[in-house]
Amino acid sequence: SQQGEEDPQALSIQEGENATMNCRYKTSINNLQWYRQNSGRGLVHLILIRSNEREKHSGRLRVTLDTSKKSSSLLITASRAADTASYFCATGNNNDMRFGAGTRLTVKP
Amino acid sequence: DTEVTQTPKHLVMGMTNKKSLKCEQHMGHRAMYWYKQKAKKPPELMFVYSYEKLSINESVPSRFSPECPNSSLLNLHLHALQPEDSALYLCASSRLAAYNEQFFGPGTRLTVL
């Protein structure tokens, strides 16, 4: 079953702009992860943030986690056309991972 | 080698056929997963194997039968499927740890006629 909800469902921006996606989850977690999926292909892991962390950076990605609100956000800065994809948050404990509904990001050149 | 491979890439089968999906990884991961993904939906967990033993079965119909013959291989045997089983089937693997990044294969696109 799905664990999280993401918003927006779809986001369309111009190249160079920043994109922010949000994720809300329901139960307590060990960690929260973000994945990217290009159309009809496998998922690629982007970043993992542990439940005792509040913010994490990786290249153009910035992830925040607020466990009191059971929410996380993914910020992609200086977006590129190649960032066009679906982005999913995933939460779980041990090896039982559940995905949110996802945000479809379109970056126009 | 940080790759998870899946075969076949595409599969078309009738409702009376028996077929198998195959997944392989050589990263030494001891957890392997099957997910089902319908169009424009997130992946849904089907099965989890830990140390070659089935640890999670998400109430998947018996027409789907997983098998983990060794630590590198994961199979999904299909029999008497329904058209609504048409989907992208994704395999993934990870270390057995609380903070576990999952590595995904490219998936098998299954069409049931």
Side-chain angles (χ1 to χ4, degrees), chain A residues 1-11 21 23-53 56 58 61 63 65 85-106, chain B residues 2-7 9-10 23 25 27 29-51 53-60 68 74 86-111:
Chain A
S1 61
Q2 191 176 308
Q3 158 73 305
E5 298 177 359
E6 292 176 67
D7 70 88
Q9 289 186 341
L11 180 61
M21 289 159 267
C23 169
R24 286 187 299 279
Y25 57 92
K26 298 174 184 175
T27 62
S28 61
I29 58 172
N30 288 339
N31 65 78
L32 185 143
Q33 302 180 47
W34 286 89
Y35 287 81
R36 183 186 76 223
Q37 185 178 34
N38 291 87
S39 181
R41 300 179 66 86
L43 282 77
V44 175
H45 181 265
L46 295 176
I47 195 164
L48 180 152
I49 186 165
R50 302 181 180 190
S51 59
N52 62 352
E53 297 176 313
K56 201 162 183 180
S58 177
L61 305 180
V63 168
L65 179 64
S86 292
Y87 291 82
F88 296 95
C89 67
T91 58
N93 297 312
N94 299 318
N95 300 102
D96 186 0
M97 191 163 73
R98 310 296 167 130
F99 288 86
T103 294
R104 174 69 190 170
L105 173 66
T106 302
Chain B
T2 58
E3 189 179 12
V4 176
T5 60
Q6 287 188 247
T7 55
K9 290 183 180 179
H10 301 274
C23 174
Q25 57 88 15
M27 293 177 278
H29 291 166
R30 302 309 296 271
M32 296 186 77
Y33 313 78
W34 281 115
Y35 290 88
K36 174 183 177 180
Q37 187 178 27
K38 302 284 274 185
K40 298 185 179 180
K41 296 291 186 181
E44 293 181 6
L45 185 64
M46 299 175 72
F47 302 104
V48 180
Y49 273 84
S50 301
Y51 289 105
K53 287 185 170 36
L54 185 64
S55 60
I56 295 177
N57 177 341
E58 286 295 312
S59 302
V60 179
C68 190
L74 185 66
S86 298
L88 181 68
Y89 287 84
L90 294 163
C91 173
S93 71
S94 72
R95 293 178 292 121
L96 275 171
Y99 309 113
N100 55 325
E101 168 191 355
Q102 292 193 12
F103 291 78
F104 282 81
T108 292
R109 175 74 60 190
L110 174 67
T111 303

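Below, read A as the first sequence line, B as the second, and so on, with proteins coming before strands; counting in each chain starts at 1.
Distance CD/B:Glu101 to CD1/A:Ile47: 11.0 Å, rounded to 0.5 Å. One distance of note links OH of A:Tyr35 with CZ of B:Phe104; it measures 5.5 Å at 0.5 Å rounding.
Looking at B:Phe103, there are no atoms closer than 4.5 Å to chain A (heavy atoms on both sides), in backbone or side chain. Neither the backbone nor the side chain of A:Gln9 comes within contact range of chain B; no heavy atoms are under 4.5 Å apart. Looking at B:Gln37, the atoms closer than 4.5 Å to chain A (heavy atoms on both sides) all sit in the side chain, from C-beta outward.
Closest non-hydrogen pair, B:Pro42 versus A:Phe99, comes out as CB-CB, 3.9 Å.
No more than 12 heavy atoms of other residues, nucleotides or ligands sit less than 6.0 Å from atom NZ of B:Lys41.
The shortest side-chain heavy-atom distance between A:Met97 and B:Leu45 does not fall under the 4.5 Å cut-off. By the 4.5 Å heavy-atom criterion applied to side chains, B:Asn100 and A:Asn31 are counted as neighbours.
Between chain A and the options B:Ala92, B:Pro43, B:Ala39, heavy-atom pairs under 4.5 Å are most frequent for B:Pro43. No other option in A:Arg41, A:Arg104, A:His45 has as many heavy-atom pairs under 4.5 Å with chain B as A:His45.
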